[in-house]
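Structure first, commentary second.
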Amino acid sequence: MRYISTRGSAEPLDFEGATLAGLASDGGLYVPETWPSFTEAEIAEMAGLPYVELAVRIMALFVEGSLTVEELRDLCERAYGRFSHAAITPLVQIDQQHHVLELFHGPTLAFKDVALQLLGRLFEHFLTGTDKHLTIVGATSGDTGSAAIDAVAGRERVDIFMLHPKGRVSDVQRRQMTTVRAPNVHNLAIEGSFDDAQAMVKRMFGDEAMAATRGGRFRISAVNSINWARLMAQVVYYFAAALQLGAPHRKVAFSVPTGNFGDVFAGYVAAQMGLPIERLIVATNVNDILHRALSTGDYSTGTVTPTAAPSMDIQVSSNFERLLFDLGGRDGLSMAEQMRGFETSKAMQLSNSQREGAASLFSSARIEPDAMAMAMSWACDECGYVLDPHTAIGFEAARQTGIARGVPVVTLATAHPAKFRDAVERATGARPPLPRRVGDLFERTESYAELPGDYDAVASYVAEHATPSS
Ligand SMILES: *Cc1c(COP(=O)(O)O)cnc(C)c1O
């Protein structure tokens, strides 16, 4: 499988190349040259497969040429062996129509583990036996950071620098990053918002001067969902849930608490591969750039408002570019122009084909803080089920969208409620206990550097502490 850049001028790469690169050299994102797909009969045959087997069937199409099926199976077994639930991503019924897909049974309590436990092992697999060294630079609104750090701590040939917006992640989120003591892990608390931190990371990718400091060269890579391998791993659970609810003979709708548009884009990929999806509901909080873009065609950034669902406090959704590229006829050069315009003016209008294409599969909703809290207390009182704030936004968006009664709706449960205990306690009156697997998180000592929201300060810190690659 070959991967091409959404901005049309970077060299196509194979799966290994795209995974190690993260971002394309022209600033675009890698996507498969064509969407692989299954027939209805092939999908029907996957019903009842264990999660790892299903993952192998689906991902084999994307890694072809870079990994054998046996290698892929071995990496998946090790990645999903770290999950604390035998079903990996169990599906729970909430009422007649609604279900939640629990994606939070990995080591750091959010869905990011599903992809990052695999990505950490992919990096190691591709680098072992080479003399290369990878410097991973990432920005996190909370959950990517802890999941990525858990996935690469102590691994050979990889350093990780994780930027988080200072004071804007929950205590549990911060401690899950800053209490990991491994020489290859570097936590940076940056003044500003997640979008500021993400912009610095993107700039570092194109910063030749920084990459060439200290005599060596850094190979910078990404663990954010700009890395294609993450989205690939997330396609699997759309199939897993839909198969349990009767796919391919019955359509299923999904509601996805959305930030960077990665998770819901994986649903779009599942649909391109032949999974019959009735609708993908993009659920946002008051940071609603995606809701505005999908409902009016106006993709323009506002200021970020901190909320109780911090992993969705985003006003620039990197992966939206992948969708616009696909819907706009896969024209890389015009995409590059559209994105240049956006980067200058912080605003762009979707073309007619982009708008109409999106409207045929996506719906969207913006959920206010009160509605989120009410969804949490309703689910707790009526179903004995505790939703975290992100999942509550997805669930409320699912209820508001009005999907036809015979169509099951699955809300992706992106975080464990214990990760956001204060917000859950405010809404439901009960404080969810931390699961045993997080151990003595609040007794461990933290370590992180505090840096100003200044690109040069952050870039020099990384250059000083990273290991050059040969
Ligand atoms: C990252 C995250 C999201 C947003 O996912 P995207 O792929 O960025 O759209 C939603 N909820 C939680 C809990 C997250 O960690």
Side-chain angles (χ1 to χ4, degrees), residues 29 89 100-116 119 138-150 162 164-165 168-170 172-174 176-177 194-195 197-198 222-235 237-238 254-269 280-285 287-291 293-294 304 307-323 362 364 367 372 376 387-397 411-421 423-424:
L29 307 180
T89 61
V100 297
L101 184 65
E102 294 184 343
L103 302 176
F104 52 67
H105 293 282
T108 71
L109 313 182
F111 85 94
K112 305 293 200 296
D113 289 321
V114 178
L116 282 162
L119 184 61
T140 184
S141 54
D143 297 325
T144 293
S146 51
I149 287 170
D150 185 278
M162 189 50 67
H164 69 265
R168 299 204 190 181
V169 299
S170 79
V172 173
Q173 288 180 314
R174 193 191 63 250
Q176 282 180 323
M177 299 190 275
F194 166 76
D195 289 334
Q198 180 166 255
V223 285
N224 285 98
S225 51
I226 56 178
N227 194 310
W228 164 258
R230 271 189 57 177
L231 306 191
M232 170 189 80
Q234 291 169 212
V235 173
Y237 49 68
Y238 284 90
F254 289 90
S255 180
V256 187
T258 303
N260 227 345
F261 206 75
D263 208 4
V264 74
F265 187 76
Y268 174 81
V269 176
L280 291 169
I281 301 164
V282 173
T284 76
N285 61 23
N287 298 296
D288 64 349
I289 182 170
L290 287 167
H291 172 56
L294 291 166
V304 179
T307 73
S311 304
M312 300 162 68
D313 292 346
I314 287 179
Q315 287 281 20
V316 180
S317 294
S318 303
N319 285 291
F320 202 49
E321 179 172 341
R322 287 186 159 110
L323 180 71
F362 293 92
S364 65
I367 304 302
M372 175 199 77
M376 288 162 87
L387 299 164
D388 100 284
H390 305 78
T391 310
I393 287 170
F395 179 64
E396 185 55 25
T411 296
L412 302 191
T414 50
H416 192 292
K419 207 160 183 177
F420 301 95
R421 294 182 297 174
V424 173

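Quick note: numbers below take in every heavy atom, side chains included, and nothing from hydrogens, waters or symmetry partners. Both counts, for ligands and for their atoms, begin at 1 and track the order of listing.
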Quiz item: Atom CE in M312, atom OG1 in T258: separation rounded to 0.5 Å?
Solution: 6.0 Å
Quiz prompt | Any residue meeting side-chain hydrogen bond (donor to acceptor under 3.5 Å, both in side chains) with S318, in chain and number order, not counting sequence neighbours | solution = Q198, N260
Quiz item: Do F111 and F104 make the cut of ring centroids closer than 6.0 angstrom?
Solution: no
Exercise. Let me know which protein residues bring a heavy atom to under 4.0 Å of ligand 1; chain then number is fine for ordering.
Key: F111, K112, D143, P257, T258, G259, N260, F261, G262, D263, S311, M312, H390, T414, A415
Practice problem: Can you label the angle between the F261 ring and the F362 ring as parallel, tilted or perpendicular, going by 30° and 60°? | Solution: tilted
Quiz item: Are a donor atom and an acceptor atom from the side chains of D143 and S311 found within less than 3.5 Å of each other?
Solution: yes
Quiz item: Does the ring centre of H390 sit less than 6.0 Å away from the ring centre of F420?
Solution: yes
